[in-house]
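Working notes, structure below.
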Amino acid sequence: MRKPTIFMFFALIISLFLVQTLKADNVFLKKINVVGNRITKTSYILEKVTLEPGKTYDIDDLMDQMSIIKSDLLQTGLFENLYFDDQLDNNKNLILTIKVKEKNYLFLGPEGEIYYKKSGNPDISVYLEYVNLLGLNNKIKVSFPIYENRGLFINYRSDNQRKLIFESSVELKKLRSDPVITEDYLTTNFYLIYNGLSNFYNLGSGLTYNRYIDSAFILFPFIEFGSLKKPEDKDSWLYSRELIDIGYGENNDLIYGFSSNICYFKDLFLQIVFKIGVSFDYLDGDVPANLVLSNISRGYPAYYITGNKRISPKVELIIPLQWFPKLTISLFVDSDIIGYNNLRFIVGGGAGIRWFNRYQNPLIVDFAFGNGLEINFSKKI
Amino acid sequence: MKKHISYLSIVAMFGIAILGLSSYNLFAKGIAHKSPIELTLWHSMSIYQENTLEKLIDQYNSMQNDIKVNPVFQGLYNDMRIKLSNAARSGNLPDIGQVAIEYLDLFVSRGYIEPITNDIPQADRDDILEQFWNGVTRNDEIYAYPFNQSVQVLYYNKKAFEKAGLDPNKPPKTWDQVIEYGKKLTKDFDGDGAIDQWGVLISLEGVFGFTPLIRQVGGEFLNEDRTKALFNSNKGVKIMNMLLDMAYKYKIMPSNWNLFEGTNAFLSGKIAMGPITCAGIKFAEENLPWELGIAPLPYIENKSVLLGGAGLVIFSKSARKRKAALEFIQWLTNKENCIKWHENTGYLPLRKSAINSYELKSFYLKHPNYKVPVDQLPYARPPDFTPYLPQIDQIIRYAIDDIMINRKSPKTVLDLAAEKVDELLAKNKEEK
């Protein structure tokens, strides 16, 4: 009887020790605070927080989740930086405070392209953009053409649902002095993108209603692979978007086509990124003139060449300036092989500057030589 | 025409609304507050470190209206030392200066700085690690707030390790292992007789390269009273012989490259491993085309690393400005900011609360390289301070060059250098 008693005594001591040890690796999360958000709704931030107050967490798991939450919140693009402050109360319970520093959300600026050649027409707009509407990361952008054209462009994007992104745009242009587009037009687009299936691909679909002389509806389901942004743990990455167009013109004539865009990025060294990409587009049937395929090479005016087939290879070298990290230089060569039956080849190239300031997305100015000099200036929405 | 007018009106209304909001803001700011205390901060942080520092200062300037800090880059530590010395002579010192801890004695001995020992809250004294206070303390008085602090770690090229058949997750722990690894990593890829990839580079940058190695064999660079050089002991000779062997016996290390050449060679893949400051981890991780490995500095008999970096010194004599400067420095080095500084530069976190924070622990999950220098803190020590350290550093650099490039006897060269150093130390004693 004596031996089992001693054994049980030691077993009890060991199990008490183990419980103490295990307890030391756990923490009770009492509360989560969010501070620093002046515009963004706390509920929007907490939606990305997978930790739950009132639960006990293994420390390693807690660290893991904090790392993921930080990455998810920074990916929203709303915050310049964020920081987790931890405090233990008298009972050693954890109070976690997420301190965020928001970016600026309201922007006003010009954008457009100036094309220097006899026949070239400047296309300049003034825009007003708000990127955190209602504090829920909704973006709205309104722009007005200010030279020769009149009209309105409104773009709205909502991704406050965790896995579903909705985007819509309306474009109305009047009196455009253009050799191809001769009438006023109205184009509305609606997109739904679902990114909850995998980290590697997104599924989506868009619907266009276009009014230009005649009306047309086009449905275009698409799938996106990879990422345009550099993944944290990779030096080379891919992005691809595959799309099918199917629609009808006003006389029930079919509109059909496809678009395939593949880009490969390689971080060479010193954050210098080499980008090579090619897109294949085909769009045929009763396509309204303002939606017809047109050259996309920088250095050529829009609608310089049109067609129903287009292959567009591009290469680009993106070089951040080490001594001035906010500025990045871009050297690029664009080309198009485009036309109906007789395909034509054009090539343009140039250099650009991207200014990454504390606002969202960089300010871009590109100088491109092709059939004249084109200056593009924009800020991506 | 009517439509045209209404369209222009909408645009104009937007413009007026924006201008109105902005001017209201400016007006409100202008009348609500008196003019702030302006502080000039001379610093030595360049490229991404400067960017991080400026962001923090911008944040400070925008979160309150009483103090405005104006940062001015004044070159690296040595340039800063010269500019501060000139400014001190002409009476134009900045309110705050970032002074390398090894140059602090120059300003203390000449009476340009007042101690701040009694102005430091006990909470800061307790939370900031003792090693860092040691770097800014002279004769029991604290003369600066520790700010950007660093130690050397072993940088290595994981891709080169893989190519040489070495496990990239098992870096060398001792200098003997470095020699063994170095033999495998030194390569003449094209067979032209010239080495294309060296195994290792230890660029003995004067006092700062020599001191941790001599401490690793139980020696010291200077004696405790700072009256005699000790680096010419057998222990110092042993260190130099080890380096000579690396360069000439095993041929795994170039003999005449300085730190700048060595760092560039590492970045371009011509060196497989070498000790470099942890302040470069951020830059290296983001810019190298291969995976960077970071390991503790290898040791010989015992572990020792040199603590370097700079502190923030308050030069201003005005009580109002000194109070404001102290307030700013305490904010800049608080727990949150020292974590941000560490995560965005690679410099060490100063505070125990920061090192133990969940924020940093979760950061290390994704960035384990940043943790390596922090783990070295228990055996990190600053150099042997003396006001003549810059001159002693030059003497040691020449001596090391004489040994490594001209291949003179280590004992003879170190003895000669020690004589010169002893003279300087005697001069210092007389001046006291």
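Order of the sequence lines fixes the chain letters, A, B, ..., with proteins taken first and strands second; residue numbering starts at 1 for each chain.
- For a residue to count as touching a neighbouring chain, one of its non-hydrogen atoms must lie under 4.5 Å from one of that chain's; by this rule A:L94 touches chain B with the side chain only.
- Only the side chain of B:I339 comes within less than 4.5 Å of a heavy atom of chain A; its backbone N, CA, C and O stay farther away.
- For A:D64, the parts sitting under 4.5 Å from any heavy atom of chain B are the backbone and the side chain alike.
- Taking the six-membered ring for Trp and the full ring otherwise, the centers of B:Y60 and B:F328 sit less than 6.0 Å from each other.
- A donor atom on one side chain and an acceptor atom on the other are found under 3.5 Å apart for B:S353 and B:D127.
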Inset, instruction - Apply the test side-chain contact (heavy atoms from CB on, under 4.5 Å) to residues B:K158 and B:Y156: give CA-CA distance (whole Å), side-chain angles for both, the deciding distance (0.1 Å), then the verdict. - result: CA-CA 6 Å; B:K158 285 193 170 184; B:Y156 66 98; 3.8 Å; yes
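- Top candidate by heavy-atom pairs under 4.5 Å with chain B, chosen from A:Q65, A:Q271, A:K99, is A:Q271.
- Residue A:L62 touches chain B through its side chain alone, counting heavy-atom pairs closer than 4.5 Å.
- Interface remark: B:K335 contributes backbone and side-chain atoms alike to the contact with chain A (heavy atom separation under 4.5 Å).
- Side-chain N or O atoms of A:S227 include one that pairs as donor or acceptor with a backbone N or O of A:K229 at under 3.5 Å.
- Heavy atoms of B:E343 lying under 4.5 Å from chain A belong exclusively to its side chain.
- Between B:L41 and the choices B:N70, B:I57, B:V72, the side-chain contact (heavy atoms from CB on, under 4.5 Å) rule is met once, by B:I57.
- Of the atoms belonging to A:D86, heavy atoms from both backbone and side chain fall under 4.5 Å from chain B.
- Ring geometry for B:Y364 versus B:H342: interplanar angle over 60°, hence perpendicular rather than tilted (30 to 60°).
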